[in-house]
Amino acid sequence: MRTPLVPGAPYPGVDELERQARALVALAPGVLRLRAVGESRAGRPLWLLSAGHGDRQFLTVAGAHANEPVGGASALRLARLFARRPHYLQLLGCTWHFLLCLDPDGARLAQGWQPEEPEPSLEECHHTFYRPEFACRPESMPARGEGRQPLPESSALVRLLDELRPAAQFTLHGIEFGGGFVMLTKDVPGVADAFRHTAARLRIPLVHHPLDGLDWRPEPPGVLVLPSDRGTGERDQSGFVAESTWLHPRRYGTLTALVEAPAWSVAATGDPRPAADPAGETARVSELLLDRTRQLTAVLGGRALDGVPEDLRPLRDAGLELVDVSPSIADTWAAEELPAHEGHFATLASPPAGSRCARRPCCAAPSPAPTPTPARPSGTWCTSGAGSCGSPTTRAGCPWPCRPGCI
């Protein structure tokens, strides 16, 4: 998802993150402070906003993936709360640090979309999609023997982890549509239940069995835990393996929690009922992926891609990698023992079933077995008649149930 350049946007861009952070420091100079802890490949500063002066250290990492801007907005919201209520930090006895954007170069390439409406649409989100190549994502460091150097952003984060030795590292991620989930690098009593309670309070559905961590132990709903005998490798569904900044601070006893939040929520992802034909559904989706890959390959084969401008080559390379790895992803789906419940296939329908806004709490949660409806962007409202998303004029014709008093 690209981030608008306009101030006050739901998902602030790189410059806006820094501007708002400086404004918060000016508001509460005795509580907050801002410093650069490194530079990106293009020389952009990596800003760390710190709150409080307690002995226990907590670190929140935002902006690790360029297409997931919700982390920066969430970090600023918590920092704003600490600025206004510093006694929370004193009660916790902690200092809370926010790395506002780990990949500012990628975030720059994911900026610039000017929406016609106050909120993004799913179609526009995909039209402007940018996610860097796997090797260019700062949380993924070179595997041993790979022969490449760590990104400067990765090295800066490792130095920060070694400096702080935090009790917990929260790395904030987002998905386009589906349900929320958390990945924990160790089992800490109470953490999973606290996450589920928070999601329920915010009316965000949880994925029954997330598929992101193929080697992680599922604890449904919405939780994956890394087994204690696992090493520091991160394995992607495409087969890419890397060392991970998630696991680097295990030597200090740090818990890393990877939090995934949807922009468009789909309640059916939490459906634990057995799927009628999981093998057939997986084969259908695999063939759809491969068919789209063949179409893209045919189109790209006739293009002079060497003529792409230098500043746009990261977008070209990321797109080519997605095309290249698609067959291996389909192979992984065929070889792995994937979840065989209805929730796993919920977002693979077209349109997604039971979509609702993920950010506004006044929208009522869908029923457990919802009727398929158009995908509703996070925090938007329905105009009359067409059920499209725009200004809060009326509920007439809106396919999503809203509690009285929402509008």
Side-chain angles (χ1 to χ4, degrees), residues 37 48-52 54-65 68 70-72 74-75 77-79 81-82 88-89 91-100 102 137-141 154 156-175 180-202 204 206-207 209-210 212-235 242-261:
V37 293
L48 185 75
L49 180 64
S50 301
D55 293 334
R56 300 177 70 205
Q57 308 295 314
F58 292 95
L59 174 64
T60 293
V61 179
H65 295 158
E68 301 172 4
V70 66
S74 301
R77 182 170 183 175
L78 184 54
L81 175 66
F82 288 150
Y88 284 175
L89 293 163
L91 289 173
L92 293 170
C94 76
T95 302
W96 205 300
H97 308 271
F98 304 93
L99 188 54
L100 296 177
L102 180 59
R137 301 173 197 170
E139 287 186 320
S140 302
M141 298 186 297
S154 305
L157 178 54
V158 167
R159 289 195 304 270
L160 184 61
L161 289 166
D162 289 339
E163 172 193 336
L164 299 178
R165 301 189 176 193
Q169 173 189 204
F170 301 95
T171 172
L172 306 183
H173 294 261
I175 56 178
F181 61 94
V182 66
M183 302 171 68
L184 305 174
T185 56
K186 66 177 181 178
D187 198 354
V188 177
V191 171
D193 287 341
F195 171 75
R196 296 185 185 109
H197 174 77
T198 301
R201 182 169 56 84
L202 297 174
I204 297 176
L206 297 180
V207 179
H209 179 171
D212 272 40
L214 295 174
D215 301 325
W216 299 50
R217 183 180 74 247
E219 293 189 1
V223 177
L224 293 172
V225 180
L226 184 70
S228 58
D229 60 345
R230 291 290 187 269
T232 59
E234 172 195 354
R235 181 164 70 102
E243 301 294 306
S244 175
T245 58
W246 309 337
L247 302 178
H248 175 81
R250 281 205 304 188
R251 65 198 71 189
Y252 308 124
T254 300
L255 163 69
T256 295
L258 294 85
V259 183
E260 294 275 4

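Side chains included, hydrogens not; waters and symmetry mates left out as well; all remaining heavy atoms used. Heads up: numbering here begins at 1 and tracks the sequence.
For H209, the ring pair (Phe, Tyr, Trp, His ring centres under 6.0 Å) criterion is met by no residue, not counting sequence neighbours. Every side-chain contact (heavy atoms from CB on, under 4.5 Å) that A79 has, sequence neighbours left out, goes to L24, L49, F98. When the side-chain contact (heavy atoms from CB on, under 4.5 Å) test is applied to L81, the partners found at least two apart in sequence or on another chain are L78, R85, Y88. Under the side chain to side chain donor-acceptor pair (under 3.5 Å) criterion, T60 pairs with W96, sequence neighbours left out. Taking S50 as the reference, H97 meet the side chain to side chain donor-acceptor pair (under 3.5 Å) condition, with sequence neighbours excluded. The side chain to side chain donor-acceptor pair (under 3.5 Å) search around Q169 returns T256, not counting sequence neighbours. With sequence neighbours excluded, the residues satisfying salt bridge (charged side-chain N to carboxylate O under 4.0 Å, His left out) with D187 are R217. Here D55 pairs with nothing under the salt bridge (charged side-chain N to carboxylate O under 4.0 Å, His left out) rule; sequence neighbours left out. Contacts of A261 classified as side-chain contact (heavy atoms from CB on, under 4.5 Å), with partners at least two apart in sequence or in another chain: none. Residues satisfying the side-chain contact (heavy atoms from CB on, under 4.5 Å) criterion with V182, sequence neighbours excluded, are L184, F195, V223, A257, V259.
The two residues L206 and A199 come nearest to each other via the heavy atoms CD2-CB, 3.6 Å. The heavy-atom pair separating G180 from I204 by the smallest distance is N-CG2, 4.3 Å. The two residues H173 and A64 have their closest heavy-atom pair at CE1-CB, 4.1 Å. Across all their heavy atoms, G71 and A62 have their closest contact at C-CB, 3.4 Å.
To the nearest 0.5 Å, atoms OG1 (T171) and CG (L102) are separated by 8.0 Å. The distance from atom CZ of F181 to atom CG of D212, rounded to the nearest 0.5 Å, is 3.5 Å. Rounding to the nearest 0.5 Å places CG of L99 at 15.0 Å from CZ of F170. Atom OG of S154 and atom CD of E139 lie 8.5 Å apart (nearest 0.5 Å). To the nearest 0.5 Å, the span separating CE on M141 from OG1 on T245 amounts to 6.0 Å.
Judged by distance alone, with hydrogens and angles left aside, the side-chain atoms of T254 form no donor-acceptor pair with the main-chain N or O of A167 at under 3.5 Å. Using a distance-only test at 3.5 Å, with no hydrogens or angles considered, a donor-acceptor pair links the side chain of R196 to the main chain of P221. With hydrogens and angles ignored, the 3.5 Å screen pairs a side-chain donor or acceptor of K186 with a backbone N or O of G253.
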Hey, mind stepping through L258 and L224 against side-chain contact (heavy atoms from CB on, under 4.5 Å) and telling me if it holds? CA-CA 10 Å; L258 294 85; L224 293 172; over 6 Å; no
Give the table of side-chain donor-acceptor pairs shorter than 3.5 Å for residues 158-166, with sequence neighbours excluded, one pair per line with atom names and distance.
{"unit_1": "D162", "atom_1": "OD1", "unit_2": "H248", "atom_2": "NE2", "d": "2.8"}
{"unit_1": "D162", "atom_1": "OD1", "unit_2": "Y252", "atom_2": "OH", "d": "2.7"}
{"unit_1": "E163", "atom_1": "OE2", "unit_2": "R35", "atom_2": "NH2", "d": "2.8"}

